[in-house]
Amino acid sequence: MKHPILPSFYTHSRFHALLCALFFTVSANVLLAQSPDSTVLSSSTLDSAKQARMKKYRSEQITVTGSRIGDDGRTPRYTIVTVQRTDIEQSPARSVEELLRNVAGVDVRQRGALGVQADISIRGGTFEQTLVLIDGIKMLDPQTGHHAMNIPLTLDDIERIEIVKGPVSHQFGPNAMNGAINIITRKHSRPFARVQGMAGDFGLWEASFSGSLPLQLNENLRLRNRFSFMRRRSDGYLARPSWTGDVRTISTTNTVNNTDFDITTFGGSIELFSNDKTSLELAGSWTGKQFGANSFYSNRFPTQYEETTTSLVSLIANTEFILPTMTLPFRLIASWRRNQDYFLLRRENPAFYRNLHTSNTVSVEAQTTITLPRSSVVLGAEAAADYLESNNLGYRNRTRISAFGEIRTRIFDNLTASGSGTVLYNSDWGLNTATGLNIGWQITEQISLYGTTGRSFRVPSYTDLYYKDAATVGDSSLKPERSETYELGLTYREGIADIRGTLFYRAASNLIDYTRSSPTALWKATNLSSAITSGADVHFSLVTKEIMPILERVTGSYTALNPTFATEPGSQSRYALDQLLQQVSLVLDFRVAEQISLQTRFRYEKRVNFASDAFVSDVRVGWNYKGFEVFAEATNIFNVLQFDFAGLPSPGRWIRAGAAVNVADVLK
């Protein structure tokens, strides 16, 4: 496949890729220093023992770190859903976006499957109002939130994904108006090596490798590491829609051109630590995507094409200072994120219209925690700078400096209250503030009640302000978005059951969206005068293995939204006015035999302004024995025609199969 990359784009992309490769190489060299006769042990998380699997299923009950002050789970103050390592391994999902599709209240709108591109929103917000983080590092892109999910990690790199639903700008700053998604990487304590290959419909193939070989340098000093590589490509998957009677199906007789993709991801990290309180981690990762962007941004131009490269380099230090009256833990994060975006409106004619954007974000964040007899206080600050070079958006730069704080107090043994706030100075927008208040009450050993309120904001991206092409135009006079949210939640945890329900209400002003008055008009960025969204969601998980011989776990969720917008009658929306009205998800995990697992996933979605709804089913079966794994999976098994964006049908049935080897298990 020929890729029309501009020379300057290619040169800068190679430079940053080589920089990330340096960390990969250093990690590999350190591993080679290990004694050749060292015993290789398994760290595969697909443990076949029943007790180990049950422990992993139940670990979701205690994994709650949705704020800068972690919760103990007894008195929760936020609505948090966690995708655990076990969920990742048993799911037919092949990307973070697909993993999130079965989380209540999370709206995943994919333009391209398997990690090509997707917009993520929470509880009826827009993709710009959801903050994505990797190990607490913000994946903010000054060009556009479309690149927030350019995650330079493979699934083997991820330990869990924490989804915090609700206003958390007071915790993490702008772009966290409706929630945050924190991707937490794996920390291997034992040697690990895994090789995987996969192939499927539409010329799909994938090859990946991940590994780790920790070292005990001396009695007190240890070194952990990880490294990974993955390449995935397809010839093109999107089929032409057709109607068969009253059944919506996808015809497989003709495939649409310009849906091919080629994705490469690699990276690694080295962490030196002496105990759980003192560590230094250096990480670097890179992902490059080349794909046909069939009708991604406008149905008028179906032959769009795009290439993106995203790299992340970070340094995370943790230590503690021992003072006469207390011990202060200290955390420092320094990061550099670079994203390059090359876009053609007509792939067959690059000179017709093309964009080249290069954004860089450099940030430093520090925080400390003060522990008092019944309270904890977090104080911190962040300084960051955004730089953008673009033939369309111009040469832009801005800086931001913020200070944040949170205090949590245990009023009684079963009652906790917390308050938090962020003050942000943005060189383009001046001062903005966000505040929040949370209360958690453990009514009984099994039942907890919590309430939260928060004020949040988001500043416009450079695309919102300055973008212009044959179908879209920005507005340099846009104002920052603001919202005020109220939430009430109830949790029940008893033995095998984990049930959570939430009611919420959000009033937003100056909401930014792209609207048009007719299908032939330009999409224009605008501030909607107001938008009110109320709703409810329920999430439950039942570990059923102990009472059923085959069914290990049942997980389900339901979200209902009631949005009201103040906008002109007949106006079409690109993002805000096409949100979900209802969302239902059900996941069944089976253990057919000790070595054979089966997962089935069912999802129902109904959207505003969409004439039809969608019911989609996925399935995965896997066999695992002594380090060898064989799997087969199918997404959209009933070949249902579905739309995440109007006029852009999602893939139909997609069957794939593969095999993997956990080298450590084989050699054990």
What is the minimum heavy-atom distance between [X] and [Y], and which atoms define it?
| X | Y | value |
| --- | --- | --- |
| Pro92 | Arg656 | O-NH2, 3.2 Å |
| Ala180 | Ile122 | N-CD1, 4.1 Å |
| Ala384 | Ser363 | CB-CB, 3.7 Å |
| Ile499 | Phe540 | CG1-CB, 4.0 Å |

Do the side-chain N and O atoms of [X] and [Y] include a donor-acceptor pair separated by under 3.5 angstrom?
| X | Y | result |
| --- | --- | --- |
| Thr79 | Tyr450 | yes |
| Ser375 | Thr409 | yes |
| Thr86 | Gln84 | no |
| Thr435 | His170 | no |
| Thr265 | Thr287 | yes |

If you apply the rule side chain to side chain donor-acceptor pair (under 3.5 Å), what do you find for Arg620 with Ser91, and how did you get there? CA-CA 7 Å; Arg620 183 186 193 273; Ser91 170; over 6 Å; no
May I ask you to decide whether [X] forms a salt bridge with [Y], counting only side-chain N to carboxylate O separations under 4.0 Å?
| X | Y | value |
| --- | --- | --- |
| Asp589 | Lys545 | no |
| Arg500 | Asp498 | yes |
| Glu365 | Arg331 | no |
| Asp262 | Lys289 | no |
| Arg224 | Glu281 | no |
| Asp156 | Arg85 | yes |
| Lys626 | Glu594 | no |
| Glu382 | Lys138 | yes |

Working to the nearest 0.5 Å, report the span between [atom1] of [X] and [atom2] of [Y].
| X | Y | atom1 | atom2 | value |
| --- | --- | --- | --- | --- |
| Asn182 | Leu131 | CG | CG | 9.0 Å |
| Phe631 | Trp623 | CZ | CH2 | 13.5 Å |
| Ser314 | Arg337 | OG | CZ | 13.0 Å |
| Gln216 | Leu223 | CD | CG | 10.0 Å |

Do the side chains of [Y] and [X] get nearer than 4.5 Å, heavy atoms only?
| X | Y | value |
| --- | --- | --- |
| Asn414 | Trp441 | yes |
| Ile80 | Ile163 | no |
| Asn662 | Phe192 | yes |
| Leu140 | Arg400 | yes |
| Gln340 | Thr310 | no |
| Ile134 | Thr185 | yes |
| Arg232 | Leu114 | yes |
| Ile181 | Leu133 | no |

Taking the six-membered ring of Phe266 (Phe, Tyr or Trp), confirm whether the NZ or CZ of Arg231 is under 6.0 Å from its centre and within 45° of its axis.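 Negative - Arg231 is either too far from the ring of Phe266 or too far off its axis.
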Go through the steps to decide whether Glu445 and Arg493 satisfy the test side chain to side chain contact (heavy atoms under 4.5 Å, CB included), and finish with yes or no. CA-CA 8 Å; Glu445 191 67 29; Arg493 291 172 177 168; over 6 Å; no
Apply the test salt bridge (charged side-chain N to carboxylate O under 4.0 Å, His left out) to residues Glu271 and Arg222: give CA-CA distance (whole Å), side-chain angles for both, the deciding distance (0.1 Å), then the verdict. CA-CA 8 Å; Glu271 182 184 19; Arg222 290 176 291 169; over 6 Å; no
How far apart are the C-alpha atoms of Arg160 and Asp87, what are their side-chain angles, what is the distance that settles it, and do they pass the salt bridge (charged side-chain N to carboxylate O under 4.0 Å, His left out) test? CA-CA 9 Å; Arg160 66 184 186 273; Asp87 302 319; over 6 Å; no
Side chain to side chain contact (heavy atoms under 4.5 Å, CB included) evaluation trace for Ile263 with Arg233: CA-CA 6 Å; Ile263 302 173; Arg233 72 174 307 279; over 6 Å; no
Ignoring hydrogens and angles, tell me if any N or O in the side chain of Ser335 forms a donor-acceptor pair with the backbone of Ile137 under 3.5 Å.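 No.
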Report the C-alpha distance between Ser274 and Asn220 in whole Å, list the side-chain angles of each, state the deciding distance to 0.1 Å, and finish with yes or no for side chain to side chain donor-acceptor pair (under 3.5 Å). CA-CA 5 Å; Ser274 59; Asn220 299 315; over 6 Å; no
Give the ring-plane orientation class for Phe209 versus Phe227, where under 30° counts as parallel, over 60° as perpendicular and anything between as tilted.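 Rings of Phe209 and Phe227: tilted, 30 to 60°.
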With salt bridge (charged side-chain N to carboxylate O under 4.0 Å, His left out) as the criterion, how do Arg94 and Glu633 come out once you've worked through the C-alpha distance, each side chain's angles and the decisive distance to 0.1 Å? CA-CA 10 Å; Arg94 288 289 145 193; Glu633 56 197 31; 2.9 Å; yes
Given Asn339 and Asn150, is the side chain to side chain donor-acceptor pair (under 3.5 Å) satisfied, shown in steps? CA-CA 9 Å; Asn339 191 85; Asn150 289 353; 3.2 Å; yes
Kindly determine whether Thr361 and Tyr387 satisfy side chain to side chain donor-acceptor pair (under 3.5 Å), including the steps that lead there. CA-CA 6 Å; Thr361 298; Tyr387 303 93; over 6 Å; no
